[in-house]
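See below for the structure under consideration.
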Amino acid sequence: MPGPHLLLVVVVAVCLIKTASGFANGKVSRACGDMMPQHGHDSSSKPAPYNITLDKLTFSPGDHITVTLLVVPTSGSISFKGFLIEARDAGNPDGPAVGSFSLLNHSESQLLHCGHTQGSAVSHTSKSKKTEIQAMWEAPKKPPASVQFMATVVQKYKVYWVQIPGPVVSLNGVTGVPPPNPTPTTTAAVTTTLSALTRPFSSEGCGRSKSCLRDPVGCDPGRDPLCFFLSFTPEERTVLFELSGPADGYLSFALSLDKWMGNDDIYLCVRDGDSVDINAAYVSGRTHPELASKNVLSDTAWQLADGVIQCRFRRDIFLPRQIESRFSLDQSYFLFIAHGRAGDGVIHRHDRQPLISTHQTVITGPPKNLAGSRSPLLIKFHGVFMLVAWMTTVTTGVIIARYFKHDWPETRLFGRRLWFQVHRALMTLTVLLTCVGFSLPFIYRGGWSRHAGSHPYLGCTVMALSFIQPIMALLRPATDSSRYNLKPPTVIIVAIFLGIQQQALLLPGPWSNGVLAGCVVWGVLVDLLLEFHSKAVIVTGWFLLMYSGTSF
């Protein structure tokens with residue numbers, strides 16, 4: 001008897017353990033042509049602190065040349081994380097890569113397929129810091145008269161150099177080699193100068209001169225460091241936005257046509273060391289935001305203090321048609337506030353469910369105090385229905401069937417034994433609550449959720465068990481049989497523990513885990529107590545004492 005309960009307790013303990021994983025991808029084949037990283041930033045305009053060296057300056061078809069990418073000795077040992085090395089026709093540096101490479105640093109480099117030649121470029125395999133990389137280049141059978149080596153080097157996400165020119169090697173026996181075309185240089189685009197805020201934001205004027213969305217409701221960012229705050233003030237041709245909140249890496253808000261993330265106009269305040277980058281972006285579906293190619297923000301300012309990011313900027317109400325993915329601010333939108341971690345300027349998926357405004361609002365409309373929630377109502381009802389069904393009604397129904405049929409042997413309700421009628425009613429209610437609760441997340445998500453871990457799969461298993469339950473009821477033994485003792489399967493408890501970890505529920509931790517674990521333990525203890533009582537292990541004289549006043 002104690003075996004299943006012990007297994008249940010072990011499963012509960014396992015469900016309380018959290019795991020984490022990470023992934024890094026160094027394949028950059030799509031950058032073979034222009035050698036430009038897809039980082040949404042411009043190449044650095046400063047002199048590159050890296051250099052390319054070769055072990056020979058002339059070659060014949062099939063010859064091998066050792067290519068070395070290394071830090072310039074006078075640069076102070078500035079390491080790099082990513083790189084892309086190619087060889088091009090010196091007379092046509094914008095043309096395809098020529099020749100092929102073989103690896104000398106297998107753990108830190110990999111071959112890429114650029115154009116029609118396998119191994120025509122070399123790139124990194126991880127984001128580890130490097131100071132030198134070597135590769136072996138093999139000249140093609142029909143080489144051009146001269147070949148120039150070039151490299152793109154990434155120091156960190158927003159700091160990189162594109163097509164750093166290297167030495168030019170000449171084909172043996174060829175005279176009058178044309179000089180290489182000047183290597184195109186990339187200059188940084190003109191951006192609005194960032195300034196520091198002179199004072200923190202305040203909730204003064206919310207609902208009167210500006211619209212505000214806050215979490216907790218009514219908080220003041222000037223006094224409460226845990227206050228998430230978004231305000232917007234329409235002006236003649238622009239809107240002034242203020243965003244504040246505690247965040248390790250980034251703070252953002254989005255304008256959305258619905259309450260589901262995707263196809264949204266996003267504005268990011270990303271911490272980069274001791275400063276904050278303010279950018280506009282767009283997200284297509286549930287993907288990583290794409291930074292705007294053109295700057296649409298002005299009068300940007302920021303402040304970092306005690307783990308709180310604050311940023312302010314203005315944006316025109318209407319933008320030229322050629323600027324895609326930017327919403328006009330005279331329309332009605334839902335507002336999202338999200339925050340999370342960032343590293344080297346790269347933002348990661350938010351660790352907490354975004355704050356979403358309850359209703360759509362017109363950005364240029366009259367000032368309002370907006371309400372919002374981090375937990376959708378449909379997901380809350382999903383959790384309530386599932387908890388009531390599998391922690392209350394099914395448990396009570398099983399206890400009634402197992403332990404009360406001998407206490408109510410002849411008591412009847414509507415012609416059937418009372419314990420059976422109560423048991424059947426509770427089990428029917430369990431199936432109905434499960435069906436309704438199961439459908440709510442699909443209604444909210446509009447389909448399957450790929451970011452909810454294994455909980456949806458276990459939920460489908462629970463739903464299948466709910467449909468099997470009526471079939472088993474039809475095949476049940478006689479109501480007085482000792483085999484009439486079906487228990488709720490352990491998978492249900494596992495699904496519940498995984499469910500309360502979902503961001504959309506926004507349950508307080510670790511109290512939610514402790515409360516649920518306490519309920520499970522209490523249920524196990526009650527079941528054991530009733531089991532021992534039914535086996536006459538515990539003398540019930542104390543019940544007699546309570547009702548008759550006699551001692552046993």
Side-chain angles (χ1 to χ4, degrees), residues 206-207 211-219 227-232 239 241 243 245 247 250-269 280-290 315 325-340 347-386 436-453 455-456 459 499-507:
C206 287
S211 297
C212 299
L213 175 62
R214 292 174 280 181
D215 179 35
V217 176
C219 66
C227 178
F228 289 91
F229 174 84
L230 170 65
S231 73
F232 45 95
V239 175
F241 291 93
L243 182 63
Y250 74 93
L251 188 65
S252 67
F253 78 90
L255 308 178
S256 180
L257 297 174
D258 51 37
K259 288 190 174 184
W260 185 241
M261 188 172 292
N263 303 322
D264 303 326
D265 189 358
I266 299 179
Y267 300 88
L268 298 164
C269 301
Y282 183 78
V283 61
S284 177
R286 294 182 64 83
T287 59
H288 196 277
E290 300 177 9
R315 210 214 82 175
S325 306
R326 301 270 75 84
F327 293 172
S328 296
L329 301 183
D330 63 336
Q331 302 298 315
S332 181
Y333 305 104
F334 288 102
L335 298 171
F336 286 63
I337 298 179
H339 69 285
I347 68 172
H348 302 280
R349 184 174 181 266
H350 47 79
D351 300 320
R352 189 180 178 192
Q353 182 77 2
L355 176 67
I356 306 174
S357 62
T358 305
H359 305 288
Q360 287 183 319
T361 185
V362 180
I363 305 302
T364 56
K368 297 179 181 179
N369 271 312
L370 305 174
S373 173
R374 293 184 183 272
S375 181
L377 189 60
L378 288 178
I379 300 300
K380 289 181 179 179
F381 276 113
H382 163 73
V384 169
F385 287 162
M386 289 302 189
V436 175
F438 179 80
S439 64
L440 295 180
F442 290 95
I443 296 174
Y444 169 70
R445 300 285 185 183
W448 185 265
S449 175
R450 295 179 299 173
H451 301 279
H455 176 71
I500 65 174
Q501 308 297 330
Q502 300 299 312
Q503 289 186 4
L505 274 181
L506 196 64
L507 295 176

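Computed over heavy atoms, backbone and side chain alike; hydrogens, waters and symmetry mates excluded.
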Apply side-chain contact (heavy atoms from CB on, under 4.5 Å) to [X] and list each qualifying residue two or more places apart in sequence or on a separate chain.
X	result
Ser332	Gln360, Val362
Ser439	Ile443
Asp330	Ile317, Phe318, Ser328, Thr364
Pro456	Trp448, Ala452

Could you report the tightest heavy-atom contact between [X] and [Y], atom names first, then the distance?
X	Y	result
Pro289	Ile347	CG-CD1, 3.8 Å
Cys269	Leu243	SG-CD2, 4.2 Å
Ala254	Ile266	CB-CG1, 3.8 Å
Ser211	Pro366	OG-O, 3.6 Å
Leu268	Ala281	CD1-CB, 4.0 Å
Leu355	Arg374	N-NH1, 3.5 Å

Which residues share a ring pair (Phe, Tyr, Trp, His ring centres under 6.0 Å) with [X], sequence neighbours left out:
X	value
Phe228	His339
Phe241	Phe253, Phe313
Tyr250	none

Side chains of [X] and [Y] in contact at under 4.5 Å (non-hydrogen atoms):
X	Y	answer
Ile363	Leu335	yes
Asp215	Phe229	no
Gln353	Ile379	no
Leu257	Tyr333	yes
Arg326	Asp265	yes

Taking atom [atom1] of [X] and atom [atom2] of [Y], what is their separation to the nearest 0.5 Å?
X	Y	atom1	atom2	result
Ile356	Trp260	CD1	CH2	9.0 Å
Leu255	Phe336	CG	CZ	10.0 Å
Leu251	Leu230	CG	CG	9.0 Å
Lys380	Ser373	NZ	OG	4.5 Å
Ile337	Ser252	CD1	OG	9.0 Å

Neighbour count above 12 (heavy atom, 6.0 Å) for His359 NE2: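 Atom NE2 in His359 is not packed in, count stays at 12 or less.
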Should the heavy atoms of other residues, nucleotides or ligands under 6.0 Å from CZ of Phe381 be counted, would the total exceed 12?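 Count not over threshold, so no.
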Residues in side-chain hydrogen bond (donor to acceptor under 3.5 Å, both in side chains) contact with Ser256, at least two apart in sequence or another chain: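 Residues passing side-chain hydrogen bond (donor to acceptor under 3.5 Å, both in side chains) with Ser256: Asp258, Asp264.
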